[in-house]
Amino acid sequence: MFVLHTSNVNESGKAGSDLDRESLMLAKGCEKWLMTILFIFILLFATGAALKNPYLLLLSILFLSLFVFFIFFFRDPERYGEICETHMLSPADGRVVDIRGRKLCIFMNITDVHVNRSPISGKVISVRHISGSYKPAFFKDSDRNERFITLLETSHGMVEITQIAGTGVRRIRPYITHGDSVFQTQRVGTILFGSRVDVTIPESFGIQVKKWQKVKAGETIIAKIPATGNSR
């Protein structure tokens, strides 16, 4: 269940298919979480059964429920958005909570997929980790929270992806590093629990989403180059 696979892009410009792309069922780095919870469940259940202790058995059921929830939380489904140089795809599942000029802020709640994807193809110029506070990620001043800032050099200019930690576990796991070439829809990292992803939009693109709109990573078009060549 925890076997990880890489993705590839086919010649049609689609982000893979059942024939040329294998599924990544769970997010990278979740094995320790799941194995720890599963071990505690087994220990509590075995001890409770041996001692015939209903409280330990009840507690073991709670840990089993937590294990099931974590499998749901760490899910990493495939996404099949169309790869295209004239549009940008959402880097995260969630809701657009703010549009600040050329920057979109997407809040992920606990039920959203927390694996983030590249909105456009490019080369990683830098990945910076910045320490900070841990305010709820939907607050406007949460951009002072702990975060990873990834700068992509694209054919349309620089694109900045900021992964912002929220409250709770406060852990961000980047999948890419300086010098990597990434393709549109490629997984770039994971943020645990409530969190936010901000992305900058180059001037040549017109923003296609509105505040409070729901978006899906690797599928929802968030910006597009108009046919006239001028951003709206």
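It should be emphasised that the depicted structure is a prediction, and the values quoted were computed from it without experimental measurement.
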Considering only heavy atoms from C-beta outward, does the side chain of [X] approach that of [Y] to under 4.5 Å?
| X | Y | result |
| --- | --- | --- |
| Pro91 | Ile222 | yes |
| Thr190 | Lys28 | no |
| Ser118 | Leu152 | yes |
| Met108 | Asn116 | yes |
| Thr150 | Val188 | no |
| Val199 | Val159 | yes |
| Ile225 | Phe205 | yes |
| Arg102 | Thr200 | no |

Enclosure of [X] [atom1] (heavy-atom neighbours >12, cutoff 6.0 Å):
| X | atom1 | answer |
| --- | --- | --- |
| Lys214 | NZ | yes |
| Phe39 | CZ | no |
| Phe72 | CZ | yes |

Worksheet item: Backbone N or O of Ser121 within a donor-acceptor pair of the Thr154 side chain at under 3.5 Å?
Response: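 No.
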
Fill in: Option from Arg147, Glu146, Gln163 for which side-chain hydrogen bond (donor to acceptor under 3.5 Å, both in side chains) with His129 holds
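Of the listed residues Arg147, Glu146, Gln163, the side-chain hydrogen bond (donor to acceptor under 3.5 Å, both in side chains) partner of His129 is Glu146.
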
Discussion item. Give me the atom names and distance for the closest heavy-atom approach of Ala27 to Val115.
Written reply: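 Heavy-atom minimum between the residues: CB-CG2, 3.7 Å.
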
Discussion item. How close do Gly48 and Leu56 get, counting heavy atoms only, and between which atoms?
Written reply: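 Shortest heavy-atom contact: CA-CB, 3.7 Å.
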
Worksheet item: So Phe70 and Phe73, would you call those rings parallel, tilted or perpendicular, with 30° and 60° as cut-offs?
Response: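 The arrangement is tilted - the two ring planes meet at 30° to 60°.
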
Worksheet item: Can Glu203 and His156 be counted as having a side-chain donor-acceptor contact under 3.5 angstrom?
Response: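 Glu203 vs His156: no donor-acceptor pair found between side chains.
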
Worksheet item: Does a donor on one side chain and an acceptor on the other come within less than 3.5 Å for Thr185 and Tyr80?
Response: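 No.
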
When rounded to the nearest 0.5 angstrom, what is the spacing between [atom1] in [X] and [atom2] in [Y]?
| X | Y | atom1 | atom2 | value |
| --- | --- | --- | --- | --- |
| Ile172 | Ile130 | CD1 | CD1 | 10.0 Å |
| Asp112 | Arg75 | CG | CZ | 7.0 Å |
| Phe148 | Thr162 | CZ | OG1 | 12.0 Å |

Item to complete: Could you walk me through whether Glu153 and Met158 pass side-chain contact (heavy atoms from CB on, under 4.5 Å), step by step?
Response: CA-CA 5 Å; Glu153 183 179 36; Met158 295 296 182; 3.9 Å; yes

Practice prompt. Quick one: name the residues clustered hydrophobically with Val68, using the 4.5 Å side-chain heavy-atom rule over I, L, V, M, F, W, Y, and just say none if it's on its own.
Written response: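 Other cluster members: none.
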
Is it possible for you to say whether [X] and [Y] belong to one hydrophobic cluster, with membership spreading through side-chain heavy-atom contacts below 4.5 Å?
| X | Y | result |
| --- | --- | --- |
| Ile61 | Ile71 | no |
| Leu64 | Trp33 | yes |
| Leu151 | Ile149 | no |
| Ile99 | Leu89 | no |
| Phe69 | Phe63 | yes |

Worksheet item: In terms of side-chain geometry, is the basic nitrogen of Arg117 or Asp93 positioned less than 4.0 Å from the acidic oxygen of its partner?
Response: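 No salt bridge links Arg117 with Asp93.
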
Fill in: ring-ring contact (aromatic ring centres under 6.0 Å, His included) partners for His87, two or more places apart
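Expected list: none.
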
